[in-house]
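Below, all heavy atoms of this structure are taken into account, side chains as well, without hydrogens, waters or symmetry copies. Sequence positions, counted from 1, serve as the residue numbers for this chain.
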Amino acid sequence: MSAQQPNKIPVQQVDLDATKHRVHPRFVTGFYQNIRVITMYALLAAFLLLPWLRYNGRQAIWFDVPSQHYYIFGMTFLTQDFYFVAAFAIIAAFTLFMVTVYAGRVWCGYACPQTIWTHLYQYVEKWVIGDRNKRIKFDKEPMSAKKAFKRALVYFIWFVFSVITAATFVSYVAGTDYLYQSWQMIGIVPVPDWPTWVWISMFIFTFATYANAGYMREQMCIQICPYGRFQSVMFDKDTLIVSYDYERGEPRGPRKKGTNPDDLGDCIECQMCVQVCPTGIDIRDGLQVACIQCAACVDACNEIMDKVGYPRGLIRYTTERQLAEKEPSRVLRPRLFAYLALLTILCGGVLYALTGRVPLELDIRRDRNQLSSINSQGMIENSYIIKLTNKTQEPHTYKIALVPQEGLSLALRFNDVPLEAGESFDMPLSIYGDPDVIEFGQTPVTLTVTSEDGKYQVSKQNIFTTQGQ
């Protein structure tokens with residue numbers, strides 16, 4: 001889908017050559033770039049700082065994979081709670097779809113980690129080498145001591161950022177307490193005392209960050225990322241896209257400041273929209289798969305329009321309906337309502353499950369070797385193994401009870417079961433039945449586990465089987 005007029009300009013083919021020259025975008029300021037920079041670096045700061053937040057004396061967000069315990073602000077999840085992860089992933093996916101239908105590929109331009117880290121690494125080049133023209137000239141210069149020093153400095157800073165990124169990723173799993181306090185002395189040199197999986201993870205994340213942000217850059221968006229490929233399926237005539245107003249801008253051509261030749265459009269062929277594009281495309285060729293809708297071209301073009309005295313908006317956020325058909329866009333449309341309704345249902349379901357979730361798990365397993373037996377007192381005995389899991393982040397003592405039922409009694413090895421935060425415990429127990437009272441066959445029984453302070457309680461049902469079943 002494109003807002004261009006194919007009968008007036010040729011279709012621009014996307015350059016899929018991964019060996020193309022590196023893109024050195026010009027840094028530009030403006031309304032959208034200010035929003036973009038604040039958004040990107042706020043997300044980057046959140047990523048770096050969240051592992052250091054503490055909650056009830058523990059790392060607030062900690063995915064402790066080795067022990068299969070996952071802590072998120074006071075809530076403890078186990079492997080069997082994976083359905084929450086699936087639900088969050090589905091919600092995130094449909095949120096992205098809804099945003100794409102309404103505002104196009106703004107995720108890529110404002111919040112995608114690839115965009116954030118690429119912008120950071122490119123800014124390092126700007127800080128060390130200079131602006132766009134200096135960086136292009138620097139690439140063409142023959143190797144010298146000065147060039148080698150600047151290149152090495154850029155690579156070193158990239159490497160430091162990559163290591164920090166890797167350490168942050170790993171700290172979400174290994175924990176900040178362990179990752180940054182486990183050191184050993186080799187001679188007089190302190191070296192992290194990490195297990196093999198931590199070293200391998202650090203290497204993988206460091207390499208991936210360095211390669212993606214330092215070298216792949218826009219090729220990740222053009223060649224690899226699937227989102228750019230299927231975005232056109234989600235666009236419609238009312239989706240906001242960054243577009244060039246072909247009718248107003250053509251034919252292009254330079255002119256003196258303050259003049260407005262009748263035979264030329266408003267585009268003065270300054271190339272600023274191309275120079276600021278982080279993926280190196282020309283937005284004047286229409287909507288392209290490589291456009292991440294960062295709106296850098298919008299701010300750059302508006303700045304030029306101000307200088308030459310023309311109205312802003314030659315390149316702007318608009319829709320195909322507004323640009324090509326000159327009709328108002330339809331914000332409220334069935335596809336948006338469908339996504340919104342689905343997200344409301346999903347979010348409501350997850351919130352209901354979270355708020356009604358008791359952080360105590362009880363599992364009852366019957367003794368498969370013998371369903372029932374007769375003890376020396378003539379009572380029918382059924383054996384079970386119960387598993388208690390304290391899914392809170394504080395230690396608790398739990399009491400187990402059998403819901404009163406005539407003819408049945410409970411025999412426990414321990415009356416109280418103390419459990420540390422996140423601890424699980426298996427315990428055998430027996431239920432006795434009076435053969436003169438209970439019915440022959442299978443009788444439902446219910447066990448209840450209650451914390452000593454009465455704050456948490458969970459019940460689960462099983463079957464009591466009489467002799468002969």
| query | Just checking, is any N or O donor in the side chain of H24 or D139 under 3.5 Å from an acceptor N or O on the other one? | reply | yes
| message | Hydrogens and angles aside, do Q293 and R105 bring a side-chain donor and acceptor to less than 3.5 Å of each other? | response | no
| Are D363 and K460 within salt-bridge range, i.e. N to O under 4.0 Å? | yes
| query | Counting only heavy atoms not in F138, do more than 12 sit closer than 6.0 Å to its CZ atom? | reply | yes
| said: For Y215, I'd like to know if atom OH has over 12 heavy atoms of other residues, nucleotides or ligands within 6.0 Å. | reply: yes
| query | Do D416 and Y398 pass the side-chain contact (heavy atoms from CB on, under 4.5 Å) test, and can you show the C-alpha distance, the side-chain angles, and the key distance before you say yes or no? | reply | CA-CA 6 Å; D416 297 328; Y398 297 99; over 6 Å; no
| query | Looking at D306 and R312, does any basic side-chain N land under 4.0 Å from a carboxylate oxygen? | reply | yes
| said: Counting the benzene-type ring for Trp, do F161 and W158 have ring centres under 6.0 Å apart? | reply: no
| query | Between R335 and R333, is there a donor-acceptor pair closer than 3.5 Å when you use the side chain of the first and the backbone of the second? | reply | no
| task | For residues W107 and V99, determine if any side-chain heavy atom of one lies less than 4.5 Å from a side-chain heavy atom of the other. | result | no
| said: Between K391 and E361, does any NZ, NE, NH1 or NH2 come within less than 4.0 Å of an OD or OE carboxylate oxygen? | reply: yes
| Which heavy atom of T239 sits nearest a heavy atom of F235, and at what distance? | OG1-CA, 3.6 Å
| message | Is there a side-chain hydrogen bond (donor to acceptor under 3.5 Å, both in side chains) between Y244 and T318? Walk through the geometry before answering. | response | CA-CA 9 Å; Y244 166 70; T318 185; over 6 Å; no
| message | Is any side-chain heavy atom of C291 closer than 4.5 Å to one of T279? | response | no
| field | W197, CH2: over 12 other non-hydrogen atoms inside 6.0 angstrom | value | yes
| field | Minimum heavy-atom distance T448-S459, with the two atoms named | value | OG1-OG, 3.0 Å
| With the threshold set at 4.0 Å, does a side-chain nitrogen-carboxylate oxygen contact exist between R22 and E125? | yes
| task | Take the angle between the ring planes of Y456 and H396 and call it parallel below 30°, perpendicular above 60°, tilted in between. | result | perpendicular
| query | When the ring centroid of F77 is compared with that of H69, is the distance short of 6.0 Å? | reply | no
| request: Verify, without hydrogens or angle tests, whether T355 (side chain) and Y352 (backbone) share a donor-acceptor contact under 3.5 angstrom. | output: yes
| message | Is it the case that atom OH in Y83 sees more than 12 heavy atoms from other parts of the structure closer than 6.0 Å? | response | yes
| task | State plainly whether the residues R284 and D282 are in salt-bridge range, i.e. N to O under 4.0 Å. | result | yes
| For the residue pair V170 and M202, what are the closest heavy atoms and their distance? | CG2-SD, 3.9 Å
| How long is the gap from CZ on F97 to CG on L342, to the nearest 0.5 Å? | 10.5 Å
| message | Using 0.5 Å steps for rounding, measure from the SG atom of C273 to the CG atom of L314. | response | 8.5 Å
| Charged N to carboxylate O below 4.0 Å: is that the case for R58 and D177? | no
| query | Taking the side chain from T450 and the backbone from G454, do they hold a donor-acceptor pair closer than 3.5 Å? | reply | no
| said: With a sphere of 6.0 Å drawn around CZ of R357, does it hold more than 12 non-hydrogen atoms of other residues, nucleotides or ligands? | reply: yes
| field | Y180, OH: over 12 other non-hydrogen atoms inside 6.0 angstrom | value | yes
| message | If I compare all heavy atoms of C270 with all of I304, which pair ends up nearest, and what's the gap? | response | SG-CG1, 3.9 Å
| said: I'd like to check D266 versus I268 (side-chain heavy atoms, cut-off strictly below 4.5 Å). Are they in contact? | reply: no
| Has the side chain of D299 got a donor or acceptor atom that lies under 3.5 Å from a matching backbone atom of F31? | yes
| field | pair L120-Y41: side-chain heavy atoms closer than 4.5 Å | value | yes
| said: Could you check whether any side-chain heavy atom of Q33 comes within less than 4.5 Å of a side-chain heavy atom of T29, counting everything from C-beta outward? | reply: no
| query | How about F27 and H119: are their ring centroids closer than 6.0 Å? | reply | yes
| Side-chain donor or acceptor of Q59 paired with backbone N/O of I61 under 3.5 Å | yes
| message | Tell me if the aromatic rings of Y71 and F63 count as close, with their centers under 6.0 Å from one another. | response | no
| message | If you take the centroid of each ring, where Trp contributes its six-membered ring, are W62 and Y178 closer together than 6.0 Å? | response | no
| field | Test item: L53 and F73 side chains (from C-beta on) under 4.5 Å apart, heavy atoms | value | yes
| query | Under 3.5 Å, is there a donor-acceptor pair between the side chain of N34 and the main chain of I38? | reply | no
| said: Under a 3.5 Å distance rule, please check whether R217 uses its side chain to pair with a backbone N or O of T118 as donor and acceptor. | reply: no
| query | Hey, is D245 close enough to R316 for a salt bridge, meaning N to O under 4.0 Å? | reply | yes
| said: Determine whether a donor-acceptor pair (N or O, by modelled atom type, separation under 3.5 Å) exists between the side chain of R26 and the backbone of M272. | reply: no
| request: Run the salt-bridge test on D236 and R321 with the 4.0 Å N-O cut-off and return the result as yes or no. | output: no
| Are the side chain of E269 and the backbone N or O of C267 linked by a donor-acceptor pair below 3.5 Å? | no
| message | Measuring centre to centre across the rings, with the benzene-like ring taken for any Trp, is F207 within less than 6.0 Å of Y210? | response | no
| Non-hydrogen side-chain atoms of P359 and M75 separated by less than 4.5 Å | no
| task | Ignoring hydrogens and angles, tell me if any N or O in the side chain of N212 forms a donor-acceptor pair with the backbone of T209 under 3.5 Å. | result | no
| message | Ignoring hydrogens and geometry beyond distance, is a side-chain donor-acceptor pair present between S171 and T176 at under 3.5 Å? | response | no
| request: Just do the side-chain contact (heavy atoms from CB on, under 4.5 Å) check on T76 and T392 with the steps written out, would you? | output: CA-CA 6 Å; T76 302; T392 72; 5.9 Å; no
| Can you find a heavy atom in the side chain of F203 that is under 4.5 Å from one in the side chain of T206? | no
| remark: Shortest non-hydrogen pair, Q68 vs T79, comes out as OE1-OG1, 3.2 Å
| said: Taking the basic N atoms (NZ, or NE/NH1/NH2) and the acidic carboxylate oxygens, is any pair closer than 4.0 Å for E423 and K387? | reply: no
| query | Can you tell me if Q223 and E218 form a side-chain donor-acceptor pair at under 3.5 Å? | reply | no
| query | Between T100 and Y227, is a side-chain hydrogen bond (donor to acceptor under 3.5 Å, both in side chains) present by the stated rule, with each step listed? | reply | CA-CA 10 Å; T100 303; Y227 179 47; 2.3 Å; yes
